[in-house]
Amino acid sequence: MSARVSIGRYYSAASPIHALDPRTKIVIAIAFMLSCLAVSDAMGLALAGGFALIAIVLARVPVASVLAQLRPVAFFLVVTSLFNLFFVHTGNELLALGAVRIATGGVEAAVLYTLRFLFLLLMGSLLMLTTQPMALTDAAERLLAPLSRLGLPISEGMLVLSIALRFVPTLGEDARAIANAQIARGAKLEGGRFRDRISAFIPLAVPLFSSAVRHADRLACAMEARCYTGDARRSRYREMRLVARRDGPFIAHVIIYLAALVILRLMV
């Protein structure tokens, strides 16, 4: 039983994407994700796919590492594709086998929505791989800082998010160790019927939950011993700075990409 968890893992590399200010990367990623939701034709898909591919190349992250983060949502992508393929009946009919009908509109919808979500998830995966969790949460806190004037607990919320991101790989390692221990005792965690796999999951869930509680208790004790409060007044070891020579070209390219998408929409 595979217990490898890649979500939240940082891939260290010397690349232009890694060197960007985390705030710049978050803004670019959000802008690209929103643009993916607006793509509605083949030209838009090609433009979005090219942007994502260039970002992956510039990040110098192995494609296998990027795809590994998409493994948990692969089932969702397949279901979305099949749902559109079999339930959208617009356009010319391509295949009819009893109640199963496939039309050109279904094929187009399956390709469009699957690739849109794929590009969106690729950019989110690349953001996680090229930005350390602490830097990511610090950047999000800086971007959301104006909301704290409305009484929203931005600093405390980002603290919870940073802890969650930090412990995803840790709990993944614990899950793999527990699974290996169960297999060594003769447990069958793979194969069999769906009900059998669910029953085999229970011996993993209980010790994993206990391990998560222990980690949380130790972290709480360490934070209390250091009088850590997590408010916005705390100092930081590294201060974030936007550098025009470093961040400016990427922001300019994103603006050009968004402008190209708008022009394509107006031309349709």
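Keep in mind the model is a prediction, meaning the values are calculated, not measured.
Side-chain heavy atoms closer than 4.5 Å link hydrophobic residues (I, L, V, M, F, W, Y) into clusters, and following such links, possibly through other members, connects Ile54 to Met43. Hydrophobic clustering (side-chain heavy atoms under 4.5 Å, transitive across Ile, Leu, Val, Met, Phe, Trp, Tyr) groups Phe83 together with Val107. Cluster membership check: Leu152 shares its hydrophobic cluster with Leu144, using side-chain heavy-atom separations under 4.5 Å among Ile, Leu, Val, Met, Phe, Trp and Tyr. Residues Leu118 and Val57 are members of separate hydrophobic clusters, defined by side-chain heavy-atom contacts under 4.5 angstrom among Ile, Leu, Val, Met, Phe, Trp and Tyr.
Within the structure, salt bridge (charged side-chain N to carboxylate O under 4.0 Å, His left out) pairs that include any residue of residues 242-258 do not occur (at least two apart or interchain). Within the structure, every pair that satisfies the ring-ring contact (aromatic ring centres under 6.0 Å, His included) test and touches residues 102-142, not counting sequence neighbours, is listed here: Phe76-Phe117. Sorted by first and then second residue, the pairs that involve residues 14-26 and meet salt bridge (charged side-chain N to carboxylate O under 4.0 Å, His left out), not counting sequence neighbours, are Asp21-Arg23.
The distance from atom CZ of Arg116 to atom CG of Leu45, rounded to the nearest 0.5 Å, is 8.0 Å. One distance of note links CD1 of Ile102 with CZ of Phe86; it measures 4.5 Å at 0.5 Å rounding. Considering CG of Leu20 and CD1 of Ile26, their distance stands at 12.0 Å, rounded to 0.5 Å. One finds the CG atom of Asp138 at 9.5 Å from the OG atom of Ser155 (value rounded to the nearest 0.5 Å). Atoms CG and CG, from Leu127 and Leu122 in turn, are 12.5 Å apart once rounded to the nearest 0.5 Å. The CG atom of Asp41 sits 8.5 Å away from the CG atom of Leu112 when rounded to the nearest 0.5 Å.
The two residues Leu126 and Ile56 have their closest heavy-atom pair at CD2-N, 3.9 Å. Considering every non-hydrogen atom in both Ala135 and Pro22, the closest pair reads O-CB, 3.7 Å. Shortest non-hydrogen contact noted between Ser125 and Val66 is OG-O, 3.3 Å. The nearest pair of heavy atoms linking Ala103 to Val88 is CB-O, 4.2 Å. Nearest heavy-atom pair across Met223 and Ile163 is SD-CD1, 4.4 Å. In plain terms, the two heavy atoms of Leu171 and Leu208 that are nearest each other are O-CD1, 3.7 Å.
A heavy-atom distance below 4.5 Å is found between the side chains of His18 and Tyr10.
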Arg60 vs Ile17, side-chain contact (heavy atoms from CB on, under 4.5 Å): CA-CA, chis, key distance, verdict: CA-CA 8 Å; Arg60 299 173 186 172; Ile17 303 295; over 6 Å; no
Please walk me through it: do Val254 and Phe32 pass side-chain contact (heavy atoms from CB on, under 4.5 Å)? CA-CA 8 Å; Val254 172; Phe32 177 80; over 6 Å; no
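Applying the 4.5 Å side-chain rule to ILVMFWY residues, one finds that Val243 remains a lone member of its cluster. Val79 belongs to a hydrophobic cluster whose remaining members, ordered by chain and number, are Phe75; membership requires side-chain heavy atoms of ILVMFWY residues under 4.5 Å apart, directly or through intermediates. Here Ile251 sits in one hydrophobic cluster together with Ile255; the rule is ILVMFWY side chains under 4.5 Å apart, joined directly or through other members.
Remark: the backbone N or O of Val78 is not paired with any side-chain donor or acceptor of Ser81 at under 3.5 angstrom.
The side chain to side chain contact (heavy atoms under 4.5 Å, CB included) check on Leu121 picks up Leu70, Val73, Leu77, with sequence neighbours excluded. By the side chain to side chain donor-acceptor pair (under 3.5 Å) test, Thr80 pairs with no residue at all, sequence neighbours left out. In this structure Ser148 satisfies the side chain to side chain donor-acceptor pair (under 3.5 Å) test with no other residue, sequence neighbours excluded. Thr137 meets the side chain to side chain donor-acceptor pair (under 3.5 Å) test with no other residue; sequence neighbours excluded. The ring pair (Phe, Tyr, Trp, His ring centres under 6.0 Å) search around His253 returns none, not counting sequence neighbours. Residues passing the side chain to side chain donor-acceptor pair (under 3.5 Å) test with Arg214, sequence neighbours excluded: Ser210.
The number of heavy atoms from other shown groups lying within 6.0 Å of CE (Met33) is above 12.
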